[in-house]
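Heads up: the structure comes next, in structure tokens.
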Amino acid sequence: MAAPEGDAGIAAGTRDVSRVKGRAFEAVCLAATSAGLVAVLILLLFVAADAFRPFSADPGWGLVYFLTLVVPVLGLAGYYYLSDEPAGEVAYATAGIPVVGLLAAGAMVVLVVELITIIELFATVLAAGLALAAIALHARLRRKAALERLGVMILAPTVAIFGVPPAEVVTLLNWAAGELGAGTLVTTRVTSLRELVMMAPVLPADWILLVLSLTLPVAGGFGLLVARRRDSRRDGLAFLGGAVAVAAAGLVAGPLTGLGAEGWVIASTFTLPPLAVYVEGVLRRREGVAGLVFPVVLVGGVLLGAVLVRQLGFAAPDPWLDPAFILDVPSRTPEDAGIYPALVGSVMMMVVIVVAIFPVGVGAAIYLEEYAPSSGLAGKVVTLIEINIGNLAGVPSVVYGLLGLALFIRVVNFPTGTVIVGALAVGLLILPIVIISAQEAIRAVPDSHRQASYGMGATRWQTVRRVVLPQALPGILTGTILALGRAIGETAPLLMVGLAASVRLAPNGFFDLGAAMPRQILTWSSEFEAAFRHGVLAAGVVTLVAVLIIMNATAIVIRNKYQREA
């Protein structure tokens, strides 16, 4: 039946208007987005060209790597994008997992070298493991003694790791007593298991201690995952044995590769087990198997190119960003300048931020979503708090720097420019972001799951711990990692709390003076010599951007993985 003339006119007019305006809006948005992306890409290309100086190499060097590396990699990437998207995801994951693992291994090397010794790490891990074993044994033998288990959960780690009372508490009490003229207050204490291990007259070699304190826990966790996936304890034990064997091979492979036995153990522990578990999952699901070719082509292209340029005698480029730049300290000459102390400072700041901010942010989100009242006067107060948390996420970073200056330096009397002050000031900046992202993740858990848990007799805390948090954890981790990515690039709060512009010694503790990568880059930008302002600065920016990209890529992989499983 034909439509009335008036209705047809209205319908035609509506259709014409929506198409024109909609398409114009779409075109403007696309153009604006493309212009922004192209501008950022051009800027990054300029920075990368200054950092790597590719034109300082022979033209033949570039041609060889273009043919052996760039063309095959771009060809495979194009094939995955157009024809096999699951394979593309597998390709990028298998290429990215070793990079993330090496980044984690580098952070562990920094911690082992600068903060604690290998013996301290071994003693701490051993004491913590025995404390956890005691808690688990009590839970098995005394299932209904919840109050008693709470005491065990407090006393076991305290006795095993810190001693009774802890040495720091004894020092503080004796200092306070001395200030009051009361002499020494505490003269005896129970020595912790950690301290006893560290006082042992004979201990195995450092690489064996690393295998026991790092490889066993990490490979054990992945082995447990394999055992659950395959429903086979034998497969899990085989995975654990293989990982330990590969790490132990560092006694021979470490010196051959230039990493040393300890470096091999750390690098293999953080790269090979997660890569092996991921590849095993791909082969078991038989989805995106073609993506496993990508890392082979990538590594093969690099090796083939290296062999060809050596045989043909082509000179390689002389980049500013090389291993020496990562491992050297700042210098007055641009050729000798490095970013190592600032890199160590940034890693230590991230450790403080994670330890201090993550529990507070997630705990606040759990309270606001699961426990906070939603009605009455208390509900209005909670609503006001949530509104202010949202507003705090948009406050300029310099304000948090002033807050850190007033709170941690003026009130708490922390030393100016120390790592912990910079970390806490930046941590305040990302705390609202962590809370909001955790709230969104918890809110996304369907209420039907909570009701089902309550229907089975679980308490609210049991529902939160066993139902809500496991489902919300991927979103919480994703939001936290993205917030950490912002934290590692912030400069204004560090300026306000007096973080050093440049230091020649990496900090050995959280209360030492330190620098950070963005603060060091800002310093190089004001140097008089052009080599600092272009070459060294560009190398620092590429290092910082690489860390940011790796962190963001990790967040994306975690999100995609758990979304697929959901």
Side-chain angles (χ1 to χ4, degrees), residues 69-105 218-243 246 268-303 440-441 444-446 449 467 469-482 485 549-566:
L69 181 62
V70 177
V71 171
V73 167
L74 290 182
L76 265 182
Y79 167 75
Y80 294 145
Y81 181 75
L82 296 175
S83 304
D84 197 347
E85 190 173 343
E89 184 177 343
V90 171
Y92 305 140
T94 49
I97 288 175
V99 177
V100 175
L102 288 176
L103 184 65
V218 174
F222 284 108
L224 184 62
L225 181 62
V226 171
R228 287 181 177 175
R229 283 180 173 178
R230 290 179 166 266
D231 195 19
S232 170
R233 182 177 296 180
R234 178 183 298 177
D235 290 349
L237 292 175
F239 183 90
L240 175 61
V246 171
S268 64
T269 298
F270 283 94
T271 55
L272 298 182
L275 182 62
V277 169
Y278 183 78
V279 171
E280 186 272 339
V282 172
L283 295 176
R284 179 168 40 81
R285 294 192 303 269
R286 305 193 66 80
E287 182 182 6
V289 178
L292 298 178
V293 179
F294 186 80
V296 177
V297 171
L298 189 65
V299 175
V302 172
L303 296 178
E440 293 295 334
V445 178
H449 295 189
V467 177
L469 283 182
Q471 296 185 51
L473 189 60
I476 295 173
L477 291 178
T478 303
T480 303
I481 293 174
L482 293 177
I549 290 176
I550 291 172
M551 295 178 70
N552 291 343
T554 304
I556 293 172
V557 170
I558 292 174
R559 183 192 61 198
N560 291 343
K561 177 180 184 302
Y562 284 95
Q563 279 181 345
R564 184 173 58 249
E565 290 182 354

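Position 1 is the first residue of the sequence; numbering continues from there.
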Distance-minimising heavy-atom pair for [X] and [Y]:
X: P273; Y: A243; value: CG-CB, 4.3 Å
X: P72; Y: V297; value: CB-CG1, 3.7 Å
X: A227; Y: G236; value: CB-CA, 4.0 Å
X: L240; Y: G220; value: CD1-N, 3.6 Å
X: L275; Y: T94; value: CD1-O, 3.8 Å
X: P470; Y: P474; value: O-CD, 3.7 Å

Rounded to the nearest 0.5 Å, how far does CG of D84 lie from CD of E89?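 Output value for this atom pair is 11.0 Å.
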
Is there a side-chain contact between [X] and [Y], using heavy atoms and a 4.5 Å cut-off?
X: I97; Y: T271; value: no
X: V277; Y: F239; value: yes
X: V73; Y: F294; value: yes
X: L303; Y: V299; value: yes
X: Y80; Y: V293; value: yes
X: L298; Y: L76; value: no

Excluding sequence neighbours, so at least two apart, what forms side-chain contact (heavy atoms from CB on, under 4.5 Å) with R284?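 Per chain and number, R284 pairs via side-chain contact (heavy atoms from CB on, under 4.5 Å) with R229, E280.
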
With side chain to side chain contact (heavy atoms under 4.5 Å, CB included) as the test, would you mind laying out the steps for V90 and V289 before giving the verdict? CA-CA 7 Å; V90 171; V289 178; over 6 Å; no

